[in-house]
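What follows is one structure encoded as structure tokens, with my remarks underneath.
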Amino acid sequence: MERIEVKTQHEIKMNKVNQSRINEVDFNSLVFGRVFSDHMFTADFADGQWQNCEIQPFGNLSMHPASNVLHYGQAIFEGMKAFKYQDGTPVLFRLEEHAKRFNASARRLCMAEVPEELFCEAIEKIISLDRNWIPTFEGASLYIRPFLIGTDGYLGVKPSQTFKFIIFTCPVGPYYPKPVTLVTAEKYVRAVVGGVGEAKAAGNYAASLLPMREANNKGYDQVMWMDANEFKYIQEVGTMNLFFVIGDKVVTPAINGAILKGITRKSFIDILKDKGIPVEERDITIDEIVEAYKTGELKEIFGSGTAAVASHVSELTHKGYKMVLPPVEERRIGNMLKRELNDIRTGVVEDRFGWIKKL
Ligand SMILES: Cc1ncc(COP(=O)(O)O)c(C=O)c1O
């Protein structure tokens, strides 16, 4: 299909709630993804343009039962966070990067792109409006979920011509992840070069549920995805990219068309370079990791992602061989990156990279 031409004119209507629900929320016991703030943004794509851009009370959607998204899965999403600086200013982290990745996903799934300025303006407006929903205690944030779905009520397998773009937000508490245990994939694959692994396509996550359940049943937290041809090259885990510290070098799998281009990953690489710590983006085989473990060179494995920033890996099992990583307190790189990124996001240290947008 030809790329859908998108006209960019838009005006965002405001339809505020009469009464905020914020007083009904216990901010001390927030469960991720279960509490939704007062407003959501919605826009429709039809006749080649974005229209009906509106901020309105959070609520249910009504849709045609034959909607493309419900049958053929034209659905993509993003995940990002708003924080508050200590002086109360709401801030967004790498907003434009998320807008760009969103549109890269849209292109891969033959969906209408959302003009970057509309994506950014909608997020800025909704966060400004619901700024009281950004929790202020340490480690907490307001999670932002933009998503796009195909809404044509037509059962033919073809790209939808109409779409709905929605953004809602959820206050989330501090995320103190336990170190995770991983098992390498031996049977299932997440993505193949040429597939949709580089897109944040909803279907990728549906496909990962069974492998994840089977891994959980065997006592592992998550699956370490391997390349789809040889099960030899390391890709990533559930919702995180991967980093390894081998000797004094940091290595991470190179982006190859099957791995999500994580924004935390990119930020970690920039911080490492800024600090003069050697970092390599390249193909990494599982054999290399097993070898580095056996020689005592494997110091750390951690995942990077918006949710946990950095999540330490305590154990990795490959074909029944369990590798136990050093204690978390001894992990120089993962702990440093996590602290550094959190400090930038909350204004504790200066944003020398230009990643923060103050509202
Ligand atoms: C499959 C996958 N890999 C990696 C990541 C980490 O990406 P980011 O750092 O942009 O959150 C995510 C989360 O968005 C993900 O879903």
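Note that the structure is predicted; figures quoted are calculated from it, not measured. Just so it is clear, the values below take in all heavy atoms, side chains as well, and ignore hydrogens, waters and symmetry mates. Atoms within a ligand are numbered from 1 in the order they appear, just like the ligands themselves.
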Qualifying ring-ring contact (aromatic ring centres under 6.0 Å, His included) pairs, either residue in residues 15-34, two or more places apart: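 Sorted result for residues 15-34: Phe32-Tyr143.
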Kindly print each ligand 1 N/O atom paired with any protein N/O atom under 3.5 angstrom away, one pair per line, or none if nothing qualifies.
residue, atom, partner, partner atom, Å
ligand 1, 3 (N), Glu236, OE1, 2.5
ligand 1, 9 (O), Ile263, N, 3.3
ligand 1, 9 (O), Thr264, N, 2.9
ligand 1, 9 (O), Thr264, OG1, 2.6
ligand 1, 10 (O), Arg101, NH1, 2.8
ligand 1, 10 (O), Arg101, NH2, 3.1
ligand 1, 10 (O), Ile263, N, 2.8
ligand 1, 11 (O), Thr306, N, 2.9
ligand 1, 11 (O), Thr306, OG1, 2.6
ligand 1, 14 (O), Lys200, NZ, 2.6
ligand 1, 16 (O), Lys200, NZ, 3.0
ligand 1, 16 (O), Tyr205, OH, 2.5

For Phe77, the option from Tyr205, Phe147, Phe102 that meets ring pair (Phe, Tyr, Trp, His ring centres under 6.0 Å):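 Of the listed residues Tyr205, Phe147, Phe102, the ring pair (Phe, Tyr, Trp, His ring centres under 6.0 Å) partner of Phe77 is Tyr205.
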Return each pair, listed once, that meets side chain to side chain donor-acceptor pair (under 3.5 Å) where at least one residue sits in residues 239-255; pairs must be two or more places apart or across chains.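 Listed by first then second residue: Lys249-Glu280.
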If we check salt bridge (Lys or Arg N to Asp or Glu O under 4.0 Å) with Glu113, which of these qualifies: Arg107, Arg101, Lys100?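 It is Arg107; the other options fail the test.
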Take Lys218 and Glu214 through the test salt bridge (Lys or Arg N to Asp or Glu O under 4.0 Å) and record every step on the way to the result. CA-CA 6 Å; Lys218 290 181 186 153; Glu214 290 185 7; 5.3 Å; no
With a 3.5 Å cut-off and sequence neighbours excluded, list the donor-acceptor pairs that the side chains of residues 253-262 form with protein atoms.
residue, atom, partner, partner atom, Å
Asn256, OD1, Ala258, N, 2.8

